[in-house]
Number of protein chains: 2
Amino acid sequence: MRFTEQKMISILRHRGYRLTPQRRAVLRVIASSHDHLTPAAIYERARQKYPDIGLVTVYRALEVLGKLGLICEMHTGGDCRSYLMRRPSGHHHHLICSGCGEVIDFADCDLSSLEQRLTQKTGFKIEGHLLEFFGRCRNCQRVDSA
Amino acid sequence: MRFTEQKMISILRHRGYRLTPQRRAVLRVIASSHDHLTPAAIYERARQKYPDIGLVTVYRALEVLGKLGLICEMHTGGDCRSYLMRRPSGHHHHLICSGCGEVIDFADCDLSSLEQRLTQKTGFKIEGHLLEFFGRCRNCQRVDSA
DNA sequence: CAGTAACTGAAAACCATTTTCATTTATATT
DNA sequence: AATATAAATGAAAATGGTTTTCAGTTACTG
């Protein structure tokens, strides 16, 4: 955590952004949650530590933090935007519990052979992919069957 | 196309929905486009054939057609909602050109071994996945380098 | 052909996000 | 430490996509 915060500071500075308590608050909220949070949820939580923060500022902080690669935006089914801490891993994907919203990261997607096949068949130059799994975590499976 | 329309009628009836010219218009627009269209774009095109249709009705038609599995909703980056004809294939994915929006379907994703690995590691019961590739189609590559 | 529930269109409501603008603040400079 | 200034903030208003409401219309059943 300390690491992340240090890193954040250096990244912000390096790109000419300022380190404000609001941005710190937003980042901490996201860092301390394992779920993906909507802007409104982030706002609610950030307010507990920093009551004067405005929703607008949360949106702006999310934009900046996203631009810096510190957090990432997700598009999961219904509600379109939600944010999650970007783990150091870089390229990765999500396994999302449809019950409680828990998110597990994984990186080993190995879609290269599929990519090659698609390139050959279509002539597309493939630049990226979006891969997310949906399911039920252990806990929610238990609740389901109860 | 005729096939799709016949099928649509039977599916609608079977589930207690009515076949209205508006729904037909929306479905035809989506069926006749290879791109994924936003509700607004669908509205514009539907109006050409059926000038009295309202945007609200387009939204409602999309909801129904989606529920019936005739079209599918996509979440691609920026603009959240867009719709595409569901091809008969059933389970499939999209390869999307970031230049012109062309969409190519493919079905052979073969993520089963990855799924198994994830299940073992996490205890999740995996129920589905979202996989989309992004890239540049042949045409847009040409334009890019021009 | 009549009855009825489903459907439609228009306007209004809603809600998330963005913009505007006056004020405040983090940071670099003295 | 004090100052200058560009960046950031908060509040209010604007925006824009989506949903709801409601009165009138229409597809289908009998």
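Proteins get letters first, then strands, A, B, ... in listed order; numbering begins at 1 in each. If you're wondering where the values come from, they're calculated on a predicted model, not measured in any experiment.
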Legend entry - Backbone N/O of Arg136(A) and side chain of Gln141(A): donor-acceptor pair under 3.5 Å: yes

Inset, instruction - In whole angstrom, give the distance that lies between atom CZ of Arg15(A) and atom P of dA8(D). - result: 13 Å

Legend entry - Arg138(B) side chain to Phe124(A) backbone, donor-acceptor under 3.5 Å: no

Inset, instruction - Provide, to the nearest angstrom, the distance between the CZ atom belonging to Arg47(A) and the P atom belonging to dT9(D). - result: 17 Å

Inset, instruction - Nearest whole angstrom, please: distance from the C1' of dC15(C) to the OH of Tyr43(A). - result: 15 Å

Inset, instruction - Could you please spell out the steps behind the side-chain contact (heavy atoms from CB on, under 4.5 Å) verdict for Leu114(A) and Ser112(A)? - result: CA-CA 5 Å; Leu114(A) 176 52; Ser112(A) 52; over 6 Å; no

Inset, instruction - Give the rounded distance in Å between these two atoms: NE2 of His14(B) and P of dA27(D). - result: 23 Å

Inset, instruction - Specify the separation, in whole Å, of atom CD of Glu44(A) and atom C1' of dA16(C). - result: 14 Å

Inset, instruction - For the pair Thr122(B) (side chain) and Leu118(B) (backbone), establish whether a donor and an acceptor sit closer than 3.5 Å, ignoring hydrogens and angles. - result: yes

Inset, instruction - Using a 4.0 Å heavy-atom cut-off, write out nucleotides 4-12 of chain C from 5' to 3' as B (base contacted by protein), S (sugar-phosphate only) or - (no contact). - result: -BBSBBBB-

Inset, instruction - For Arg47(A), enumerate each residue passing the side-chain hydrogen bond (donor to acceptor under 3.5 Å, both in side chains) test, keeping only those at least two apart in sequence or located in another chain. - result: Tyr43(A), Glu44(A)

Inset, instruction - Indicate, with yes or no, if Ile30(A) and Leu19(A) share a hydrophobic cluster defined by side-chain heavy-atom contacts under 4.5 Å among Ile, Leu, Val, Met, Phe, Trp and Tyr. - result: yes

